Every structure is written in C-alpha cells, then in structure tokens.
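Data first, discussion second: the structure below is written as structure tokens.
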Amino acid sequence: MRPVSYSRVADVATAIGVVSTDADSAFLAGGTTQVDLLRIYVEQPGRLVDINDLPLRQIDALPGGGVRIGALARMSDVAQAPLVRTGFPVISQALLLGASPQLRNMASIGGNLMQRVRCGYFRDLAAGCNKRAPGSGCAALHGVNRGHAVLGTSERCIATHPSDLAVALVALDAVVHTESSSGRREFAVDDFFPLPGETPEREHPLHHGELIVEVEVPGNPVAERSLYLKVRDRESYEFALASVAVALSLDDGMIGEVRLALGGVATKPWRARQAERVLIGAPATAERFAEAARQELQPAVSHGMNEFKIELARRSIVRALEMITADDWREQQRTTLGGAA
Ligand code: SF4
C-alpha cells in the first residue's frame, strides 16, 4: 500500500481548505468503500483528511414537511429516525436494504452518494476500464456483465450505479448541498449523477475539495405511501439486480401523483419518468402497471449476460406497484425489508 498521511479536522472550513490546496488529498468519512479501494490501489491519495468530527450529523425537520440530513449522519441513524421512518419510508427501507448492519453503522450519507461502482473490472488493475483509466477500454462490454446496466449505458461504460439510497432520493426530488472554497452550491440529485457518455470517469459535478454538507428532501404527501423493493441474489449484503423506489397517492382506485425510480439496472439512479407518465391519473390495474413497465424498459439494451435484467426490471416495477396500491400497503412496506429492519 502506498504511504498515506492522515489528519483529523474539526470544522468544515479547515477540511475544505486542506483538501482544496492539495491535489493529492481526499476526504475520509466512514471509509467503508474508500479503504477497500486504497488497499487494491484503485485510489491512491497521498493524504487523507478525516472529516468525521465535522458537525454534519443532523436529521432535522424542515418547514413544509421535508427533512434535512447532514452528510455525516450514519446510514443506521437516518434509517431509524422517526421522521424518516414515518414520513419517508422509502428512504428508510433503501438504507436498511443497502448494507449490512455493521456497514450501516459506519457509512455516511455523503459517502453513500459518492461510493464508486462495483464493476469487477474497475477494481482489477489488469483490466481495461475507462472509468478508472480513461481511454483504456471497457472490459465489461464483452466480459462478465451479468450485474451491469441495461439503461443509460454507452460504449464507454455499462456499470450500474451502486447506491440504493440515491434511487429513493431521485424518486423524491432531493437536493444535494455542497460547500467549497468558492461558496455553497446545490444540485437536484438527478443532476448530481451524470450518464457515462464519453466521459465515464466523471461521476459527479464536484470539484476537488468540494464537500457534500447536507441532503434536503422536500416535503411531499405521497412520500408516506412509499416503499423500496430490492431484488438480489441473496437476502443480505448484496447489491441490487433490480430495485424500485415508488411513492404514490391513490384515490378511489385512481393514481394521483406517482414517483418511480429504478436501481441496479442503470448507470445512474434512474427516474422512471415514462412509467410515471403512463400511471398518473390512470386506474391502478395490473394492465396499466405492465404497460408502464414496458414503456420504461423500451430503450433498454443488453450486453449478453445481463439480458435477464430487462424482464426482471419490468416485473419488479409491476410488483412494487402492486404492493404499494394494495389495501394492506403498510404491511407490504414491512415485507420488503425481510430481516433487514
Ligand atoms: Fe470500467 Fe465501466 Fe467498463 Fe466497468 S463497465 S470496466 S467500470 S468502464
């Protein structure tokens, strides 16, 4: 392992000042992904600036029913916060299903959004990978790509975005707030994650030394009737093959507002806007759910081993909609968690 210096800072301004003036440095929060990547030489900063003492762990109610979550709040604390559990169950469920209990206790909200892809070739220094080494090719295109994306891909990269939390946040139009030596900025979370296009090495819009300080989720009455459905190879400690974040209002069998996003099948947390268009104002029927799923997956492209994901994503959308529109939808919310709660 390359030698790396370590320091611990206690305020945001100092953290930003230290990292922004040293191109060879990086912030260190929970470290649950970052330390792995250091050990295998995929990331090699010369200096780590530990930000765990920064006062960024708040989980506060906002006027209008929203919630403000500090970037260093732990996944476990946010998942169990009454404000989140009751007002935004889809967020709580995405966090509970997103990692093992040990990881949830360490991993931060900001770090969750900044985690790197789980593509095996990204972590294999002997393989071509445009994300890790721009211009070196994409070994996954004709390699082992069972877990890779079918939506939002390019000829440069087909890796799925790994965060469950981000899928729930995209569905609820959350906003990411950042701070840097140039001041504060904010990004709609959907804009925070670019498609790979020609530049898969660009995974977010942040400059070096720019720090996520908080995430705001606006109040939305439909968020209470929401759930996160995650389909994976095993019941715990596994990434999604397909996942669905859904929130909606239902009036006498008719769908009012609806929010739908997909994980595990796209190169970014995927807001399913075409499916939403099909569902808004429509009867909550199996036929309409299937049509919404069909239209959303229309542009999907497989690369061989991951072809099954197209049908899996369709079925997952239908299943999530069936669960959240059922009379016992509160019980259905609980069943998505299995043993994770
Ligand atoms: Fe790298 Fe993306 Fe290709 Fe994986 S899919 S090898 S991350 S370029």
Side-chain angles (χ1 to χ4, degrees), residues 2 26-27 31-45 98-99 103 107 110-167 170 189-206 208 230-233 237-243 261-271 296-297 299-313 316:
R2 182 190 180 203
F27 297 116
T32 53
T33 298
Q34 199 172 14
V35 173
D36 289 348
L37 296 177
L38 283 170
R39 286 188 175 127
I40 59 175
Y41 305 101
V42 170
E43 290 189 3
Q44 299 187 64
L103 287 172
N112 184 292
L113 299 183
M114 295 293 285
Q115 66 181 293
R116 312 296 303 276
V117 294
R118 257 53 191 191
C119 172
Y121 301 109
F122 174 74
R123 287 157 190 257
D124 177 359
L125 297 184
C129 172
N130 289 322
K131 190 177 280 294
R132 173 175 37 76
S136 63
C138 172
L141 282 174
H142 304 290
V144 178
N145 54 33
R146 177 176 178 271
H148 287 69
V150 293
L151 290 167
T153 58
S154 76
E155 284 304 302
R156 303 266 176 172
C157 181
I158 59 171
T160 50
H161 193 274
S163 170
D164 294 293
L165 170 65
V167 180
V170 162
V189 71
D190 198 16
D191 299 333
F192 190 80
F193 300 105
L195 291 169
E198 296 294 306
T199 53
E201 71 277 13
R202 284 189 62 252
E203 296 176 328
H204 53 71
L206 303 190
H208 183 72
K230 183 171 181 178
V231 180
R232 47 191 167 171
D233 281 329
Y237 199 54
E238 186 55 277
F239 291 88
L241 291 171
S243 68
L262 307 179
V265 292
T267 52
K268 60 175 284 177
W270 190 263
R271 181 74 177 266
E296 190 62 46
L297 272 296
V301 176
S302 84
H303 290 82
M305 294 173 72
N306 64 351
E307 185 166 7
F308 74 100
K309 281 195 170 187
I310 298 174
E311 181 60 19
L312 183 65
S316 299

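None of the values given here were measured: they were computed from a predicted structure. Counting starts at 1 for both ligands and their atoms, in listed order.
- Here Arg132 contributes atom CZ and Cys119 contributes atom SG; the two are 9.0 Å apart, rounded to the nearest 0.5 Å.
- The distance from ligand 1 to the heavy atoms of Arg156 drops below 4.0 Å at these ligand atoms: 8 (S).
- Counting atoms of ligand 1 from 1 in the listed order, those under 4.0 Å from a heavy atom of Cys157 are 2 (Fe), 5 (S), 8 (S).
- With hydrogens left out, the protein atom closest to atom 7 (S) of ligand 1 is Cys129 SG, 3.6 Å, a heavy atom.
- The Tyr121 neighbourhood of ligand 1 comprises atoms 6 (S), with distances under 4.0 Å to a heavy atom of that residue.
- Using a 4.5 Å cut-off on side-chain heavy atoms (C-beta onward), Arg118 and Pro162 make contact.
- One finds no salt bridge joining Lys230 and Glu238 here, because no Lys/Arg side-chain nitrogen approaches an Asp/Glu carboxylate oxygen to under 4.0 Å.
- Under the 30°/60° scheme for interplanar angles, the aromatic rings of His161 and Phe193 are found to stand perpendicular.
- A heavy-atom distance below 4.5 Å is found between the side chains of Leu241 and Arg146.
- What sits closest to atom 4 (Fe) of ligand 1 on the protein, heavy atoms only, is Cys119 SG, 2.4 Å.
- Atom 3 (Fe) of ligand 1 has an N, O or S atom of Cys138 inside 2.8 Å of it.
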